[in-house]
Amino acid sequence: MSRFEHQSRGVRALIAASCLCAMSCDRDPGIAERRAPKGVEIIVGPEVGASGPAAGRAPAHTHDHAARWTLPDGWREVATGSPARLAVFEFDDESGVVSVVLTRFPGDVGGVLANVNRWRTQLGLAPVAEGDLPGIVERFEPLGFRAYAVTLVNEDRATVAVGLEEPARSRTWFVKADVHSEAIERVRARVLAFARSFVASDPVGER
């Protein structure tokens with residue numbers, strides 16, 4: 001082997017070793033890449049750990065551009081079962097396990113009347129007119145929200161639903177529970193307590 005060939009082989013070996021070193025340095029074994037489905041917002045809860053979401057009165061969710069809320073005693077978070085749901089909570093009632101669904105949509109989703117009539121239709125009730133709303137809608141204002149709640153009963157089926165309009169971000173959150181009519185008053189009190197605990201991430205909406 002000539003001296004030139006020997007030197008060339010040494011240079012190639014050095015280059016190969018450098019490439020291997022660069023590849024190993026770029027890949028940190030302690031870092032794993034995670035991908036989120038396109039268009040799906042990840043909501044991170046500070047109380048969620050290896051054993052799952054914590055129950056109790058700890059804030060369930062808080063992150064940039066999201067609301068904060070407090071879970072009533074005995075509530076627990078469970079799998080949503082659908083990407084359209086931000087969260088699902090359960091609690092035990094005398095009638096059985098009650099599920100409370102949290103969703104969020106852009107805008108006002110048609111406004112108060114449209115949403116009330118949507119819930120009434122789902123329960124098999126006739127729609128109402130704008131003039132009927134004051135008698136069936138309860139309004140309140142958690143920090144940064146304009147909220148309205150309805151309690152609907154049709155024979156043995158009942159629904160309590162809350163719309164929380166967030167003007168600063170032009171979107172509406174919905175809290176809804178469907179239960180047996182016998183349990184509606186107990187469930188209603190707990191769902192409204194949950195809805196009243198909401199605090200917008202930017203209540204003023206101005207900087």
Side-chain angles (χ1 to χ4, degrees), residues 37-43 60-71 77-90 98-181 183-185 187-206:
K38 186 176 181 181
V40 177
E41 179 179 15
I42 296 177
I43 297 186
H61 294 273
T62 174
H63 75 110
D64 190 27
H65 302 327
R68 300 189 306 275
W69 57 79
T70 301
L71 291 184
E77 188 171 355
V78 298
T80 64
S82 168
R85 298 174 173 181
L86 289 184
V88 176
F89 307 100
E90 289 184 350
V98 175
S99 293
V100 181
V101 176
L102 175 65
T103 55
R104 186 187 64 206
F105 298 92
D108 62 4
V109 200
V112 179
L113 180 62
N115 289 314
V116 169
N117 280 333
R118 173 166 55 87
W119 295 324
R120 290 181 64 86
T121 300
Q122 291 172 352
L123 204 61
L125 297 172
V128 296
E130 188 79 34
D132 298 321
L133 292 180
I136 61 177
V137 172
E138 178 181 351
R139 298 181 184 269
F140 52 98
E141 296 190 356
L143 189 58
F145 294 95
R146 294 193 302 260
Y148 53 92
V150 292
T151 302
L152 308 171
V153 178
N154 186 8
E155 297 182 355
D156 61 344
R157 300 167 57 206
T159 294
V160 55
V162 183
L164 296 119
E165 297 177 345
E166 187 181 3
R169 300 200 180 278
S170 187
R171 60 191 180 185
T172 305
W173 304 68
F174 294 102
V175 179
K176 184 171 180 283
D178 297 310
V179 296
H180 192 281
S181 57
I184 188 60
E185 288 304 318
V187 171
R188 174 183 176 276
R190 302 185 74 174
V191 170
L192 291 187
F194 173 57
R196 290 180 182 276
S197 76
F198 270 62
V199 176
S201 58
D202 187 0
V204 177
E206 299 177 353

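FYI, side chains are in, hydrogens and waters are out, and symmetry mates aren't considered; it's all heavy atoms of this structure.
Every residue two or more places apart in sequence or in another chain that forms a side chain to side chain contact (heavy atoms under 4.5 Å, CB included) with Asp178 is listed here: Thr159, Lys176. By the side-chain hydrogen bond (donor to acceptor under 3.5 Å, both in side chains) test, Arg118 is found to be paired with Asn115, residues two or more places apart in sequence or in another chain being considered. Take Phe174 and apply the ring-ring contact (aromatic ring centres under 6.0 Å, His included) test, not counting sequence neighbours, and it matches Trp119. Take Ser181 and apply the side chain to side chain contact (heavy atoms under 4.5 Å, CB included) test, not counting sequence neighbours, and it matches Val153, Asp156, Ala158.
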Criterion side chain to side chain contact (heavy atoms under 4.5 Å, CB included) on Leu102 and Phe198, from CA distance to verdict: CA-CA 12 Å; Leu102 175 65; Phe198 270 62; 3.9 Å; yes

Trace of the side chain to side chain contact (heavy atoms under 4.5 Å, CB included) decision for Val175 with Val100: CA-CA 7 Å; Val175 179; Val100 181; 3.5 Å; yes

Derivation and outcome, side chain to side chain contact (heavy atoms under 4.5 Å, CB included), residues Glu166 and Trp173: CA-CA 8 Å; Glu166 187 181 3; Trp173 304 68; 2.8 Å; yes

Taking only distance into account, with no hydrogens and no angle test, what donor-acceptor pairs under 3.5 Å do side-chain atoms of residues 188-195 form with protein atoms, sequence neighbours excluded?
from   : atom 1 : to     : atom 2 : distance (Å)
Arg188 : NE     : Thr151 : OG1    : 3.2
Arg188 : NH2    : Glu138 : OE1    : 2.9
Arg190 : NH2    : Asp73  : O      : 2.6

Considering only distance and modelled atom types, tabulate donor-acceptor pairs under 3.5 Å from the side chains of residues 78-88, sequence neighbours left out.
from  : atom 1 : to    : atom 2 : distance (Å)
Thr80 : OG1    : Ser82 : N      : 3.4
Thr80 : OG1    : Ser82 : O      : 3.1
Ser82 : OG     : Ala84 : N      : 3.2
Arg85 : NH1    : Thr80 : O      : 3.3

Donor-acceptor list for residues 124-134 side chains, cut-off 3.5 Å, not counting sequence neighbours:
from   : atom 1 : to     : atom 2 : distance (Å)
Asp132 : OD2    : Ala129 : N      : 2.9

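Residue pairs meeting the ring pair (Phe, Tyr, Trp, His ring centres under 6.0 Å) criterion with at least one member in residues 150-172: none, sequence neighbours excluded. Sorted by first and then second residue, the salt bridge (Lys or Arg N to Asp or Glu O under 4.0 Å) pairs with a member in residues 145-154 read Arg146-Glu165; sequence neighbours excluded.
Across Ala200 and Gly144, no two heavy atoms sit closer than the pair CB-CA, 3.9 Å. Ala149 and Val162 get closest at one heavy-atom pair: CB-CG2, 3.8 Å. Contact between Thr172 and Gly107 at its shortest, heavy atoms only, is OG1-O, 2.6 Å.
Remark: side-chain polar atoms of Ser201 are not paired, donor with acceptor, to backbone N or O of Ala67 under 3.5 angstrom.
Rounded to the nearest 0.5 Å, atoms OH (Tyr148) and CZ (Arg139) are 8.5 Å apart. Here the CD-CG distance, from Glu141 to Leu164, works out to 11.0 Å after rounding to the nearest 0.5 Å. For the atom pair CZ of Arg104 and CZ of Arg171, the computed distance is 4.5 Å after rounding to the nearest 0.5 Å.
With a 4.5 Å cut-off on side-chain heavy atoms, Leu143 and Phe145 do not count as touching.
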